[in-house]
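Report on one structure; see the data block that follows.
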Amino acid sequence: MKPLTWKNYLGYGAGDLANNMAFSMQALFLMIYYTNVVGLNPAPVATMFLIVRFWDAFADLTAGRMVDLTRSRWGKFRPWILFVSLPLLLSSVALFSMPKFGGDQTKEYIYMYASYLLLGTLYSLVNIPYGSLATSMTQDPVERSRLGVWRSMGPVFGILLLVLVISPKISAYKKDPERLQSFLTQTTLIFVAVGFLLYMVTFFTCKEQIPHEGKPVTLKETGRAFVVNKPLQVLCVSNFIYLIGIFAVQGAQAYYALYILGDSTKMIYLILASSLATFVAVPIVPKMVSRVGKKQTFIVASLLMIVVGFWLFFMPIELPVVLASFFLFGLAQSMAMSLLFAFEADAVEYGEYKTGQRTEGATYAIYSFFRKMSQALSASLVGFALAAGAFVPKAESQPDSALTAIKAVIGLGPAVFALVGVAIFWFYPLTDDRFREIVSELRARKADESVGAEPSAAAH
């Protein structure tokens, strides 16, 4: 097996940057598009987000099953990136190009659901094989942690690009929704070309090196793989809770910038501060992993997140202090998030060790299912917190209770959810030393099987 190179890391990171051309675009701007350009009521739009996100969670499971059944000359995962990435990017254009139905809101809502369901389904068919690809590129814990770090940089670049390009136009075309519609259509079309190029970089630079068994696993075997896979079970439950707080922060940053900092454009500064932290995490995470292991590194990052989260709630609202605090929060988040995918990849080997079946797609899909559930609940968490704080829509100022609710989502939320999540993760049984033992035993099994098959082959 060849060691991974910088070309492999860059290529893998390019894939998640391409993913975010579609995913972060809708996460950041779809609500304001429907309300300010199309003119839909935000309440049914919010309901649609919740319903479709739950659908996406089940779509991930289906996609994982389809990936595990895939056999091609390009492997199990890369064909999906090759053939489905372009339809995914085109679906983003459709999402932000609502046809004119003559004011018929029934048709507009039907188109809204259909286009968002399409994007979510296609995203599952690309993201599940993309995420699973890391499990087949390497079995080295440090290399997997590096892949996770480089993958975590994709959303950073994607969100920065989207915020810098699109946010100013939302203000500039505030009174001219037709021009904003034209701009968004043109921008998403450009993202089709850029995103597809990035996907192709991933396709050609990230090869599958771990051999797969010839016979696809059955649905029953896939279920059994989860039942006996304690590391995957702990990881899924822990992250389900852990990520609710982190995803909620993403949805609350605009409110924090507008009502706590007093200027919505300062959201760019918040994102820049947390993004800079991601680049700092790139060299830190592999070094810590090589010294103390992935599990201990994750626990350290989580403790930092807990401390900084409580600090964010109580800190004085002075811009230098806020930016420094968001940098520390971004550092903790980047360190933790970059390792989650490495843990998921390790769970694949553990599942193969326990069952004799290798189910990369299904394993990643199960893990992604819990992440999607976290995303759905985090969106609701922001709304419930604002309602509990007596938030006043469209008001220039908010009552103290609403400001407290916003700060609680930004600070106390991730701190409390991280505390519970890392407490569960404490029982994660797969240390790096134990993982190396499992990989060695798997290789020995395959070597024995190869030797055992030689006499049979010679007889023919």
Practice task
Quickly, which of Y367, Y350, F425 forms a ring pair (Phe, Tyr, Trp, His ring centres under 6.0 Å) with F343? Name it, please.
Solution key: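 Checked Y367, Y350, F425 against F343; only one passes ring pair (Phe, Tyr, Trp, His ring centres under 6.0 Å): F425.
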Handout entry: Identified ring pair (Phe, Tyr, Trp, His ring centres under 6.0 Å) partner of Y130 from the options W80, Y123, Y12
Key =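 Result for ring pair (Phe, Tyr, Trp, His ring centres under 6.0 Å) with Y130: Y12.
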Exercise for the section: Verify the ring-centre separation between F279 and F157: is it less than 6.0 angstrom? Expected result: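 Between F157 and F279, the centre distance is under 6.0 Å.
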Problem - Centroid-centroid under 6.0 Å between F298 and Y242 rings - result: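 Yes.
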Handout entry: Over all atoms of both residues, closest heavy-atom pair of K407 and I260
Key =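 Taking K407 first and I260 second, the nearest heavy atoms are CG-CD1, 3.9 Å.
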What I'd like to find out is whether the side chain of [X] reaches to under 4.5 Å of the side chain of [Y], using heavy atoms alone.
{"X": "R371", "Y": "N239", "result": "no"}
{"X": "E208", "Y": "L133", "result": "yes"}
{"X": "E349", "Y": "L430", "result": "no"}

Problem - Parallel, tilted or perpendicular, as decided by the 30° and 60° cut-offs, for the rings of F326 and Y256 - result: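 Y256 and F326: tilted rings.
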Practice task
Would you please classify the geometry between the W150 ring and the W6 ring as parallel, tilted or perpendicular, with 30° and 60° separating the classes?
Solution key: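 W6 and W150: perpendicular rings.
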I'd like to know if the side chain of [X] pairs up with that of [Y] as donor and acceptor (distance under 3.5 Å, no hydrogens or angles considered).
{"X": "S182", "Y": "E178", "answer": "no"}
{"X": "T185", "Y": "S97", "answer": "yes"}
{"X": "S238", "Y": "W426", "answer": "no"}

Problem - Backbone of A134 reached by a side-chain donor or acceptor of T138 within 3.5 Å - result: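 Not at all, since once roles are kept as given, no pair shorter than 3.5 Å links the two residues.
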Problem - More than 12 heavy atoms from other groups under 6.0 Å of CZ on F313 - result: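 Yes, enclosed.
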Practice task
Could you check W74 against F83 for ring pair (Phe, Tyr, Trp, His ring centres under 6.0 Å), going step by step and ending with a plain yes or no?
Solution key: CA-CA 12 Å; W74 299 291; F83 294 112; 5.6 Å; yes
Problem - Within 45° cone and under 6.0 Å: K294 NZ/CZ vs F435 ring - result: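 Yes, K294 sits over the ring of F435.
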